[in-house]
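The block underneath contains the structure these notes are about, expressed in structure tokens.
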Amino acid sequence: MMQDNPEISLVIPIYNEEETLPELFLRLTELLERLDTSVEIILVNDGSRDKSYELMVEYHNRDPRFKVVHFARNFGHQVAITAGMDLAGGRAIITMDADLQDPPEVIEQMIEKWREGYEMVYAVRKKREGETLFKKVTANLFYRILRRMTQVDIPVDVGDFRLIDRKAMNAFNSMREKNRFIRGMFSWVGFKQTAVYYERAPRFAGETKYPLSKMIKLASDAVISFSNIPLQLSLIIGFLVSSLAFLSGVAAIVVKLAGVYTVRGWTSTVVVLSFLGGVQLMVLGMMGLYVARIHEEVKNRPLYIVSDLHGWSGSNSPSSISRAFIWHQDQPDPRR
Ligand code: UDP
Ligand code: MG
């Protein structure tokens with residue numbers, strides 16, 4: 001039997017969140033009661049190693065509006081969001097974090113804006129509570145530097161808490177790049193956008209699932225996918241250094257012709273040589289970053305591997321997923 005698509009899809013990536021899930025489900029259920037429209041909630045289990053998956057399935061069994069996508073391993077926050085968006089059937093899709101830093105109550109304001117005709121509503125953080133000074137400072141710097149470096153207009157202090165209209169969603173879904181910086185990609189897509197403001201609450205429980213290494217990966221994805229400035233910078237540095245080398249060459253010849261030849265100059269030779277070596281390595285490394293990303297794209301692997309789905313079955317099963325991703329479509333899931 002064909003099931004009608006809901007009006008709103010909520011997409012939530014989840015990685016080791018067993019401590020927050022009960023509270024999240026509670027707040028979401030309250031929200032569902034207040035919203036007088038049809039809603040599906042897509043929980044993407046991004047390879048959690050704790051009880052998160054069991055809790056999600058339990059919730060799905062209790063309330064079928066909760067659906068579960070189970071990844072074969074941890075693919076990262078940005079990819080988890082992507083999978084949820086691929087599977088979403090709603091006319092508006094909302095992405096939010098599981099840790100209640102994005103209060104579910106803001107969703108009502110987003111839907112209001114959407115009904116006014118906006119095709120993308122992003123939530124801007126007015127205040128960040130309960131985050132370390134280090135996180136605040138690095139995040140602040142990152143957004144501002146990125147803004148200067150890129151050609152697309154990426155709004156400052158916007159995370160991955162946003163509403164997307166179906167039209168913009170389809171446009172976004174056509175972008176299958178591997179190194180994903182989703183907020184930048186949404187700015188690139190365009191459409192009629194607006195903001196709602198909110199105060200970012202502290203994480204409800206547990207600790208951040210974004211260690212420094214993941215933050216660096218996200219930041220470099222952002223810069224490299226949206227900017228060629230590092231490459232241009234290498235070019236400029238190369239140019240400056242070779243101009244200097246040319247000048248010193250001229251100076252050396254002049255000194256020689258003038259007959260003031262001395263054997264001194266060993267220090268300057270070593271300094272110049274090592275400086276040049278350093279610059280070359282740096283430029284090579286910079287280019288390596290781009291080459292590595294090209295390599296990732298060329299391999300053209302699927303973005304993620306789904307191991308199980310709960311909540312999609314029969315004619316209701318998503319056509320999008322069989323198109324681009326591997327999963328056991330012809331092996332029925334016994335738990336379904
Ligand atoms: N997350 C995920 N995969 C990861 C890391 C994080 O799905 O590899 C989820 C996490 O469960 C949470 C959201 O992404 O719902 C944001 O993560 P977190 O709150 O730890 O990031 P922060 O708010 O500290 O930047
Ligand atoms: Mg968080």
Side-chain angles (χ1 to χ4, degrees), residues 10-28 41-56 59 66-88 93-104 106-107 122-143 146 156-162 178-184 198-222 303-307:
L10 256 175
V11 170
I12 310 178
I14 293 164
Y15 178 53
N16 296 343
E17 300 282 8
E18 62 180 5
E19 288 161 279
T20 55
L21 285 184
E23 175 74 10
L24 175 75
F25 292 151
L26 211 79
R27 296 265 289 272
L28 286 175
I41 298 179
I42 301 181
L43 308 168
V44 184
N45 177 30
D46 185 14
S48 301
R49 282 183 298 261
D50 61 2
K51 285 245 156 44
S52 298
Y53 180 48
E54 283 83 347
L55 288 173
M56 289 180 222
Y59 237 77
F66 287 81
K67 302 177 176 181
V68 183
V69 184
H70 180 47
F71 274 1
R73 65 167 169 88
N74 179 257
F75 281 91
H77 176 220
Q78 305 284 297
V79 173
I81 296 181
T82 305
M85 293 191 301
D86 283 336
L87 288 161
I93 293 93
I94 297 167
T95 57
M96 64 179 282
D97 288 352
D99 59 358
L100 295 166
Q101 281 196 291
D102 306 334
V106 179
I107 288 172
Y122 50 87
V124 181
R125 305 160 183 151
K126 269 197 308 201
K127 226 163 77 185
R128 306 168 77 107
E129 268 179 59
E131 286 181 290
T132 60
L133 185 67
F134 177 73
K135 179 115 188 179
K136 283 189 214 170
V137 170
T138 48
N140 203 304
L141 264 178
F142 167 67
Y143 286 118
L146 184 67
V156 170
D157 292 332
V158 171
D160 287 306
F161 187 21
R162 61 158 55 74
K178 305 291 175 290
N179 297 289
R180 303 173 80 75
F181 182 63
I182 288 179
R183 38 205 110 141
Y198 75 110
E199 285 182 13
R200 192 151 164 93
R203 173 175 255 287
F204 178 73
E207 43 191 50
T208 177
K209 308 299 181 291
Y210 255 95
L212 187 61
S213 59
K214 278 187 179 168
M215 273 163 66
I216 290 173
K217 164 84 170 82
L218 184 72
S220 66
D221 276 348
L303 278 174
Y304 50 83
I305 307 290
V306 172
S307 138

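All ligand and atom numbering here is 1-based and tracks the order in the structure. None of the values given here were measured: they were computed from a predicted structure. Both backbone and side-chain heavy atoms feed into the values below; hydrogens, waters and symmetry mates do not.
- Within the 3.5 Å criterion, the main-chain N or O of Glu17 finds a donor-acceptor partner in the side chain of Thr20.
- Atoms of ligand 1 found under 4.0 Å from any heavy atom of Gly76, numbered from 1 in the order shown, are 3 (N), 8 (O).
- Between Pro13 and ligand 1, at least one N/O pair is under 3.5 Å apart.
- Atom numbering of ligand 1 starts at 1 in the shown order; those under 4.0 Å from a heavy atom of Asp99 are 19 (O), 23 (O).
- A search for side-chain hydrogen bond (donor to acceptor under 3.5 Å, both in side chains) contacts involving Gln78 returns Asp160, not counting sequence neighbours.
- In terms of the salt bridge (charged side-chain N to carboxylate O under 4.0 Å, His left out) criterion, residue partners of Glu23 (sequence neighbours excluded) are, by chain and number, Arg27.
- Taking a cut-off of 2.8 Å, the protein N, O or S atoms nearer than that to the Mg ion (ligand 2) are Asp99 OD2, Gln101 OE1.
- A donor-acceptor distance shorter than 3.5 angstrom exists from the side chain of Ser52 to the backbone of Glu18, with no hydrogens or angles considered.
- At least one side-chain heavy atom of Lys178 sits under 4.5 Å from a side-chain heavy atom of Leu303.
- Atoms of ligand 1 lying under 4.0 Å from at least one heavy atom of Glu17, given by number and element, are 10 (C), 11 (O), 12 (C), 15 (O).
- Listed by atom number, the atoms of ligand 1 under 4.0 Å from Ile14 heavy atoms are 7 (O), 11 (O).
- Note on ring orientation: taking the six-membered ring where Trp is involved, the planes of Phe66 and Phe25 are perpendicular (angle over 60°, cut-offs 30° and 60°).
- Between the side chain of Asn16 and the backbone N or O of Arg49 there is at least one donor-acceptor pair closer than 3.5 Å.
- Considering only residues two or more places apart in sequence or on other chains, Arg180 meets the salt bridge (charged side-chain N to carboxylate O under 4.0 Å, His left out) condition with none of them.
- Residue Asp46 touches ligand 1 through its side chain alone, judged by heavy-atom distances below 4.0 Å.
- Ring geometry, Phe71 versus Tyr304: the interplanar angle falls under 30°, so the pair is classed parallel (tilted spans 30 to 60°).
- Interface of Asn74 with ligand 1, defined as ligand atoms under 4.0 Å from a residue heavy atom, comprises 3 (N), 4 (C), 8 (O).
- Side-chain N or O atoms of Asp97 include none that pairs as donor or acceptor with a backbone N or O of Asp102 at under 3.5 Å.
- Close to ligand 1: Lys214, with a non-hydrogen atom less than 4.0 angstrom away.
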